[in-house]
Amino acid sequence: IFMLFEDQYGVGDVVDVGVAVGTVESVGLRITTVRDLHGTLWYVRNGAIAREVLVEVGFDSFTCEEVASRAGVPIGTLYQFFANKYVIVCELDRQDTVAVRAELTEFSNEIPSLEWPSLLEKFLDHLAALWRTDPSRRAVWLAVQSTPATRRTATQNERVLAEQVARILAPLTPSRRDARNLMSQVLVHTSYSLLSLSVSGGVDRDEIVGELKRMLAGYLLLEESTSD
């Protein structure tokens with residue numbers, strides 16, 4: 001048994017997992033337990049089914065019916081949570097944003113530092129590795145560019161990251177408060193665009209990531225010198 005998303009339910013929620021309806025008793029990293037109306041305990045494997053389908057067929061061919069079929073749940077159950085495929089990809093983008101926010105929080109613990117250029121390189125290498133090993137990141141990023149509505153959601157998610165980046169940059173650019181928000185939005189969107197390009201076919205991935213590092217480091221060094 002699979003669930004579509006790990007955070008769509010919590011302990012105490014009543015869920016329909018296809019073969020049974022019951023109450024969630026525990027939510028783990030890989031397994032969720034559900035107690036049905038007859039007292040039977042079901043073990044539900046958490047899995048990113050929607051991501052798998054999106055990577056395999058692309059957004060144009062991505063359907064709620066296929067996701068429900070792969071997950072082994074009634075289409076009506078899926079529609080209880082997600083009205084259409086656009087809502088699904090927006091949720092996936094939100095999940096990716098949450099994950100990057102956690103990475104940024106860890107990075108911010110080392111700032112300010114005189115070694116921030118090397119820390120930036122380390123952070124970008126980490127993000128590039130995530131995009132390289134998880135093809136769903138590019139698939140989701142491309143999917144949310146598909147319509148004006150999904151682009152608005154993607155922009156909101158990028159803005160959340162930009163606000164966090166602005167706070168991280170504050171010690172490096174103390175006199176650039178007014179420009180910092182715009183600077184952060186540019187940094188986030190440029191990073192996403194080039195990370196997506198780095199894992200597309202027919203390109204030199206290391207060269208693109210290297211160029212991203214040079215662009216961001218040069219930009220920040222310029223801003224830092226301007227602040228001084």
Side-chain angles (χ1 to χ4, degrees), residues 6-7 29 48 51 54-55 89-90 92-145 151 153-228:
E6 292 88 302
D7 61 352
L29 290 176
R51 290 180 184 275
L54 184 60
V55 170
V89 296
C90 286
L92 292 174
D93 190 53
R94 185 195 67 79
Q95 290 182 0
D96 286 346
T97 299
V98 170
V100 174
R101 285 188 67 186
E103 300 287 347
L104 280 171
T105 297
E106 184 174 345
F107 173 66
S108 68
N109 292 333
E110 303 182 66
I111 299 292
S113 168
L114 295 177
E115 301 299 323
W116 70 259
S118 62
L119 292 175
L120 176 64
E121 281 206 14
K122 178 181 175 182
F123 179 67
L124 290 175
D125 280 335
H126 180 67
L127 285 185
L130 290 177
W131 277 66
R132 185 174 65 251
T133 57
D134 181 3
S136 75
R137 287 180 179 259
R138 181 171 189 265
V140 170
W141 189 80
L142 291 175
V144 293
Q145 312 304 317
R151 282 196 296 274
T153 298
T155 298
Q156 291 171 358
N157 288 334
E158 286 190 8
R159 189 171 294 122
V160 168
L161 294 178
E163 290 171 356
Q164 188 172 5
V165 170
R167 290 192 293 271
I168 295 173
L169 294 181
L172 303 177
T173 57
S175 65
R176 299 281 288 168
R177 182 175 181 179
D178 292 340
R180 198 179 300 136
N181 290 336
L182 177 60
M183 184 196 320
S184 299
Q185 291 178 44
V186 170
L187 292 176
V188 170
H189 190 73
T190 300
S191 297
Y192 268 26
S193 298
L194 288 183
L195 285 172
S196 176
L197 179 61
S198 74
V199 293
S200 61
V203 299
D204 187 324
R205 179 172 58 243
D206 293 336
E207 183 177 348
I208 291 173
V209 173
E211 186 62 26
L212 175 61
K213 292 177 183 177
R214 287 188 290 273
M215 287 174 59
L216 297 192
Y219 188 24
L220 291 176
L221 283 170
L222 178 63
E223 290 296 331
E224 187 179 38
S225 63
T226 302
S227 297
D228 294 338

Scanning both residues in full, the closest heavy-atom pair of S200 with R138 reads CB-NH2, 3.4 Å

So do D96 and R51 actually touch side chain to side chain, heavy atoms under 4.5 Å?
yes

To the nearest 0.5 Å, what is the distance between CE (M215) and CG (L124)?
11.0 Å

Nearest heavy-atom contact between L197 and V203 is O-CG2, 3.3 Å

Quick one: does H189's side chain get under 4.5 Å of T155's, heavy atoms only?
no

With rounding to the nearest 0.5 angstrom, report the CZ to CD distance, R159 to Q156.
6.5 Å

Return the CD to CG distance between E121 and L212, rounded to the nearest 0.5 Å.
10.5 Å

Heavy-atom closest pair, residues A162 and S184
O-CB, 3.2 Å

Does a side-chain heavy-atom distance below 4.5 Å link S191 with L216?
yes

Output for pair (I208 CD1, S196 OG), nearest 0.5 Å, gives 9.5 Å

Looking only at side-chain N and O atoms, does Q164 offer a donor or acceptor that is under 3.5 Å from a partner on T105?
yes

Heavy atoms of V209 and S198 approach each other most closely as CG2-CB, 4.1 Å

Can you name the nearest heavy-atom pair linking N181 to A166, along with the distance?
OD1-CB, 3.6 Å

Counting C-beta onward and ignoring hydrogens, is there a side-chain heavy-atom pair between V100 and R137 closer than 4.5 Å?
yes

In this structure, which one of D93, V55, D134 forms a side chain to side chain contact (heavy atoms under 4.5 Å, CB included) with V140?
D93

Counting C-beta onward and ignoring hydrogens, is there a side-chain heavy-atom pair between T153 and V144 closer than 4.5 Å?
no

Can you check whether L195 reaches W141 side chain to side chain, under 4.5 Å on heavy atoms?
no

So with a 6.0 Å cut-off around CZ of R101, is the heavy-atom count from everything else above 12?
no

For V89 and A143, which heavy atoms make the closest approach, and how far apart are they?
CG1-CB, 3.9 Å

Euclidean distance, D125 CG relative to R132 CZ, rounded to 0.5 Å:
8.5 Å

